[in-house]
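Worksheet for the structure shown next.
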Amino acid sequence: MPPPLLSCLLLLLLATARPWPVAAAESPTRPAAKPRAFPLRARQVPAGALPRPPSKLRFHHNVSLTVSLAVGTPPQNVTMVLDTGSELSWLLCRHQRRNASAPTTTATSFRPSASRTFAAVPCGSPQCSSRDLPSPPSCDAASLRCRVSMTYADGSTSDGALATDVFAVGDAPPLRSAFGCMSDAYDSSPDGVATAGLLGMNRGTLSFVSQASTRRFSYCISDRDDAGVLLLGHSDIPFLPLNYTPLYQPTLPLPYFDRVAYSVQLLGIRVGGKALPIPASVLAPDHTGAGQTMVDSGTQFTFLLGDAYSALKAEFSRQTKPFLPALDDPDFTFQEAFDTCFRVPAGRTPPTARLPAVSLLFKGAEMTVGGDRLLYKVPGERRGRGGDGVWCLTFGNADMVPLTAYVIGHHHQMNLWVEYDLERGRVGLAPVKCDVASERLGLML
């Protein structure tokens with residue numbers, strides 16, 4: 001294992017320049033509320049200076065998508081990780097200090113005692129009986145209040161009470177929403193710091209999307225400062241022809257299939273235009289539900305199950321062999337999942353224009369990753385007398401994590417418009433320069 005990531009942390013922050021009418025539910029009997037666009041701002045800060053979400057995978061995230069919200073009465077500003085792969089939103093809650101020697105409340109935590117609209121959820125509430133969560137809520141016999149606990153694949157945990165309070169962005173009408181008010185959040189990674197919270201955006205009943213009755217939302221993650229955009233609500237964008245792929249849902253419940261995730265059907269993979277010889281059965285969920293393909297904004301990189309990853313590794317290495325020397329170190333694996341790695345002379349970058357693009361093929365749509373999105377420089381890793389840098393392919397082996405699903409992370413969604421259309425049960429994709437899309441949307445809305 002290489003040392004923890006010490007490079008700068010790139011955070012995409014949602015500025016509250018325009019209100020989001022979260023309280024206006026969209027329904028077939030009432031015209032949809034006008035969509036609202038929010039700029040996404042890129043900012044570099046030292047890795048330890050901002051809180052970090054508990055990672056759902058066994059490696060250190062150094063990039064997260066975050067949204068700034070106001071919670072409670074009077075409102076408290078908090079920053080939460082935007083996660084389409086999670087259901088329950090949660091905030092790290094700090095209670096009022098009992099004495100002067102107690103630690104000072106951090107600026108990124110939520111203080112429930114300071115909010116007049118905060119309320120704990122009782123055990124008898126329907127919210128406490130939700131079975132969508134990986135770990136169902138439990139009842140605290142002493143207080144008769146609902147408790148929630150979350151454990152992630154890397155050993156990170158969050159524990160606390162299920163509660164409700166009002167959420168607002170800008171001057172939007174407040175929405176009362178359930179969330180986990182976590183008394184602690186532990187991150188097992190050496191450089192981990194507890195985050196202020198997480199905004200669950202999947203299709204579960206307790207997700208923020210469901211509670212806000214938001215039936216469509218989309219975003220474009222930019223590789224440039226101040227050029228990304230998040231759009232909440234219905235909008236037909238004439239300059240952005242989306243290709244849609246249906247959300248996949250098996251007929252019967254399966255034990256390893258996450259039915260509230262944004263799952264799509266992966267049909268094939270191309271490298272430099274060449275289709276990989278992967279049987280369709282390898283790319284589809286099996287009889288247990290393992291092997292689904294999820295679009296997840298809360299995961300940084302993309303993960304493929306073992307057989308598909310091996311085929312990608314072999315073909316990518318074959319096509320790049322003439323100009324990109326392989327690391328050839330069988331004992332090296334970056335962050336326990338990335339072992340397709342290469343050596344690049346010190347002070348240089350890989351020849352991105354010559355790298356073969358990797359395309360993920362879906363029913364009705366495709367996602368192509370190329371250029372500098374294909375390789376990631378391993379911080380602090382040097383080889384040879386010349387101090388060659390080590391660069392690894394940004395597709396990881398899910399079997400090494402381990403994961404039982406294909407996961408498409410947000411690093412591969414950059415300069416790609418991604419729309420989640422719950423009304424029609426589909427995900428829309430369109431390659432676009434986010435700075436251009438942001439500018440044109442500003443003129444339309």
Side-chain angles (χ1 to χ4, degrees), residues 1-2 5 7 10 55 57-63 221 223 266 268-278 282-283 293-296 299-345 348-361 366-383 388-403 405-416:
M1 280 287 292
L5 294 181
S7 58
L10 178 65
S55 78
L57 302 172
R58 199 188 302 270
F59 67 96
H60 313 311
H61 288 229
N62 72 320
V63 176
I221 304 166
D223 57 356
L266 180 60
I269 302 174
R270 289 198 305 257
V271 178
K274 180 179 179 180
L276 299 183
I278 305 173
V282 171
L283 301 176
T293 299
M294 300 183 288
V295 184
D296 184 5
T299 294
Q300 184 177 351
F301 296 122
T302 294
F303 289 80
L304 307 177
L305 292 180
D307 290 345
Y309 175 80
S310 296
L312 171 63
K313 177 179 181 178
E315 183 59 28
F316 189 87
S317 298
R318 186 191 69 82
Q319 294 190 28
T320 57
K321 185 176 181 179
F323 59 89
L324 194 61
L327 180 62
D328 285 334
D329 183 353
D331 296 325
F332 179 80
T333 302
F334 175 54
Q335 303 293 11
E336 301 186 32
F338 304 87
D339 64 353
T340 305
C341 302
F342 307 89
R343 291 177 62 159
V344 177
R348 299 185 186 179
T349 57
T352 55
R354 300 180 65 184
L355 296 177
V358 177
S359 296
L360 305 179
L361 311 179
E366 68 178 69
M367 178 184 295
T368 298
V369 181
D372 58 4
R373 296 298 156 208
L374 287 166
L375 297 179
Y376 181 84
K377 186 177 182 181
V378 179
E381 196 71 26
R382 296 286 185 270
R383 295 302 168 93
D388 291 353
V390 175
W391 296 69
C392 295
L393 185 66
T394 52
F395 289 81
N397 188 342
D399 291 5
M400 298 171 68
V401 173
L403 287 171
Y406 296 87
V407 180
I408 301 172
H410 65 72
H411 181 78
H412 292 161
Q413 300 175 43
M414 287 191 175
N415 283 324
L416 182 75

Check: His411 side chain, Arg373 main-chain N or O, donor-acceptor pair, under 3.5 Å: yes
When rounded to the nearest 0.5 Å, the distance separating CZ of Phe334 from NZ of Lys377 is 12.5 Å
Is any side-chain heavy atom of Leu312 closer than 4.5 Å to one of Val271? yes
Can you check whether Leu374 reaches Val369 side chain to side chain, under 4.5 Å on heavy atoms? yes
Only counting residues at least two apart or in another chain, list the ones meeting side chain to side chain contact (heavy atoms under 4.5 Å, CB included) with Thr368. Ala357, Ser359, Glu366
For Thr293, the side chain to side chain donor-acceptor pair (under 3.5 Å) test, sequence neighbours excluded, returns none
How many angstroms lie between CZ in Arg348 and CG in Asp388, if you round to the nearest 0.5 Å? 9.5 Å
Distance check, rounded to the nearest 0.5 Å: Leu305 atom CG versus Ser310 atom OG? 10.5 Å
Can you tell me how far the OG1 atom of Thr320 sits from the CG atom of Leu375, to the nearest 0.5 Å? 8.0 Å
Nearest heavy-atom approach of Met294 to Ala405 is CE-CB, 3.7 Å
Would you name the heavy atoms of Val282 and Ala308 that are closest together and state the gap between them? CG1-N, 4.2 Å
Flag the pair Leu360 / Ile269 as yes when at least one side-chain heavy-atom distance between them is below 4.5 Å, and no otherwise. yes
Gln413 and Val295: CA distance, side-chain angles, deciding distance, side-chain contact (heavy atoms from CB on, under 4.5 Å) verdict: CA-CA 9 Å; Gln413 300 175 43; Val295 184; 3.8 Å; yes
Only counting residues at least two apart or in another chain, list the ones meeting ring pair (Phe, Tyr, Trp, His ring centres under 6.0 Å) with Phe395. His412
Separation of Asn397 CG from Lys313 NZ (nearest 0.5 Å): 8.5 Å
Arg383: partners by side chain to side chain contact (heavy atoms under 4.5 Å, CB included), with sequence neighbours left out: Leu327, Asp329, Phe332, Arg343, Glu381, Val390
dist Met367:CE -> Leu416:CG (nearest 0.5 Å) comes out at 5.0 Å
Heavy-atom nearest pair, Val401 first then Phe303, reads CG2-CE2, 3.6 Å
Taking side chain to side chain contact (heavy atoms under 4.5 Å, CB included) as the definition, give me every residue that meets it alongside Thr352, ordered by chain and number, with sequence neighbours left out. Leu355, Asp372
Would you please name every residue forming a side chain to side chain donor-acceptor pair (under 3.5 Å) with Tyr309, sequence neighbours left out? Asp339, Thr340
Contacts of Arg318 meeting side chain to side chain donor-acceptor pair (under 3.5 Å) (sequence neighbours excluded), chain-then-number -> Glu315
With respect to Pro356, which candidate in Arg270, Lys274, Gln319 satisfies the side-chain contact (heavy atoms from CB on, under 4.5 Å) definition? Gln319
Verify whether the ring centers belonging to Phe301 and Tyr376 lie closer than 6.0 Å. yes
Across all chains, not counting sequence neighbours, the side chain to side chain contact (heavy atoms under 4.5 Å, CB included) partners of Pro351 are Phe323, Leu324, Arg354
